[in-house]
Amino acid sequence: MPELPEVETIANGVHDRIHGRTIRSVWTSNKPQTFKTPPDQIAEALTGSRVDRVHRVGKTIVVDLSRRRKTMQFLIHLGMTGRLLVSTPDTPIPPHTHAILTLSGGSGGIKELRFVDARRFGRLSITETAYEGPGSEPLTISLEDFIVLFHHRKTPIKAALLNQSLLHGVGNIYADESLFRAGIRPRRQVGRLTRAELGRLRTALVEVIRHAIELGGSSVSDYVDADGVRGFFQLEHRVYLRTGEPCLVCGTPIQRIVIGGRGTHFCSRCQK
DNA sequence: CGTCCCACCTGATTGC
DNA sequence: TGCAATCAGGTGGGAC
């Protein structure tokens, strides 16, 4: 999936294109797995609602809606391959499209917000209470809270970074990239990391995420932002998907191992 | 409860 | 060329 930087890029792009518009009609596919809230309830909640704001919480895109003084949120989790496209109605509908919202009210005529998801790991839902997400935001958590979060855990640090109930928004790319930049091996037990190492990790994580947001995220395969334009952070990857290639710092071949079922890339010389 | 592992899907790429 | 194996940015649930 798009991780935090990609989701932020997409949410901002969609906000710019559709905020202030009103949803006139909704079409959904009949694939039940996609809909955490049943599709007819989603359609009922969206139809006639105005889009006040599109933002993100963790890896979830949150669409703030209002209708007759009542507020709701439309939650979009992109899974691994989910895409959110703003199109004109005459644009051909891509395969694996699962929801189409028809929007009126802005300049440039009728627009459609389309949710497309080949692997169907994405999820759509409606909530009436403000969505907060399961964990802490990596960009704003304090150093002390960051240290407390990982206190006394036994899992490898890589697995802990991917655990969304601790930090939300970090995925496989930015876990590997931040561990490389902090010089920490992905298998290290979290509880055994020093305060200094956790401090380096937090700094590296914030830097790598901020830098990725500036570049519009990473687009390795099928992530595309709301404009259909790709991000450029993949050019900055130092270990992710570079198995066997020389480390950009020391030349040692990058290794790939599996932690928690996820491919994990690191430099055995630069990371201790 | 914490941790591990697999299932959920399709598509691109690699290797025989 | 064809076909099978492997890999992919994520999560949730069951087993232990």
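Letters A, B, ... are given to chains in the order of the sequence lines, protein chains preceding strands, and every chain is numbered from 1.
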Tell me the interatomic distance from [X], atom [atom1], to [N], atom [atom2], rounded to whole angstroms.
X      : N      : atom1 : atom2 : answer
A:E3   : C:dA8  : CD    : C1'   : 12 Å
A:D176 : C:dG10 : CG    : P     : 10 Å
A:Q33  : C:dG12 : CD    : C1'   : 11 Å
A:I61  : C:dG10 : CD1   : P     : 14 Å
A:R262 : C:dT11 : CZ    : P     : 8 Å
A:M80  : C:dG9  : CE    : C1'   : 6 Å
A:H77  : B:dC9  : NE2   : P     : 17 Å
A:E6   : C:dA8  : CD    : P     : 16 Å

Review point. Can you list, by residue number, the residues of residues 150-167 of chain A that have a non-hydrogen atom closer than 4.0 angstrom to DNA chain B?
Key: A:R153, A:K154, A:T155

Exercise for review: Taking only heavy atoms on the protein side, list every residue of residues 186-193 of chain A lying under 4.0 Å from any atom of DNA chain B, sorted numerically.
Suggested key: none

Rounding to the closest angstrom, what is the interatomic distance between [N] and [M] at atom [atom1]?
N      : M      : atom1 : answer
C:dG12 : B:dG11 : P     : 23 Å
C:dG9  : B:dT14 : P     : 16 Å
C:dG14 : B:dC9  : P     : 16 Å

**Study point:** Gap separating the OG1 atom of A:T102 from the CG atom of A:L113, nearest 0.5 angstrom
**Key:** 10.0 Å

Revision key, fill the gap. In this structure, CG of A:L75 is separated from OG of A:S125 (nearest 0.5 Å) by 4.0 Å

Examine [N]: is either OP1 or OP2 under 4.0 Å from a nitrogen or oxygen in the side chain of [X]? Give yes or no.
X      : N      : value
A:R119 : C:dG10 : no
A:K59  : C:dG10 : yes
A:Y240 : C:dG9  : yes

Looking only at atom types and distance, does a side-chain atom of [X] sit under 3.5 Å from a main-chain N or O of [Y], one as donor and one as acceptor?
X      : Y      : answer
A:R210 : A:E214 : no
A:Q73  : A:E128 : no
A:R123 : A:R120 : yes
A:Q255 : A:S268 : no
A:D117 : A:G122 : yes
A:R185 : A:Q271 : yes
A:T37  : A:I126 : yes

**Study point:** Nearest heavy-atom neighbours spanning A:L124 and A:A99
**Key:** CD1-CB, 3.9 Å

What protein N or O atoms touch nucleotides 13-16 of chain C N or O atoms at under 3.5 angstrom, if any, and at what distances?
none

Revision key, fill the gap. Sequence neighbours excluded, the answer for side chain to side chain donor-acceptor pair (under 3.5 Å) partners of A:D176 is A:K158, A:H265

Practice item. Answer yes or no for this row: A:F121 ring on C:dT11 base, centroids under 5.5 Å, planes under 30°. Key: no

Practice item. Answer with base, sugar-phosphate or nothing: what part of the nucleic acid does A:G171 contact at a heavy-atom distance below 4.0 Å? Key: sugar-phosphate

Check your understanding: Would a hydrophobic clustering, with Ile, Leu, Val, Met, Phe, Trp and Tyr connected at side-chain separations under 4.5 Å, put A:I157 with A:F180?
Key -> no

Check your understanding: Can you hop from A:L162 to A:I184 via hydrophobic side chains spaced under 4.5 Å?
Key -> no

Exercise for review: Consider the side chain of A:K36, meaning its heavy atoms from C-beta on, and name the nucleotide among C:dG9, C:dG12, B:dC8 that approaches it most closely.
Suggested key: C:dG12

Review point. Which parts of nucleotides 11-16 of chain B does protein reach within less than 4.0 Å, heavy atoms only, written one letter per nucleotide 5' to 3' as B for base, S for sugar-phosphate only and - for none?
Key: S-----

Point to revise | A:E177 bridged to A:R242 by N-O distance under 4.0 Å | key: no

Practice item. Determine, for A:E197 against A:R188, whether the closest basic-nitrogen to carboxylate-oxygen distance falls under 4.0 angstrom. Key: yes

Check your understanding: Considering only heavy atoms from C-beta outward, does the side chain of A:F266 approach that of A:I257 to under 4.5 Å?
Key -> yes

Practice item. Indicate, yes or no, whether a donor-acceptor pair under 3.5 Å links the base of B:dC9 to the side chain of A:R120. Key: no

Exercise for review: Check the angle between the aromatic planes of A:H237 and A:Y174 and answer parallel, tilted or perpendicular using the 30° and 60° thresholds.
Suggested key: perpendicular

Check your understanding: Given the rule that a pair is Watson-Crick or G-U wobble with both distances under 3.5 Å, how would you write DNA chain B in dot-bracket, using | for pairs to a different strand?
Key -> .|||||||.|||||||

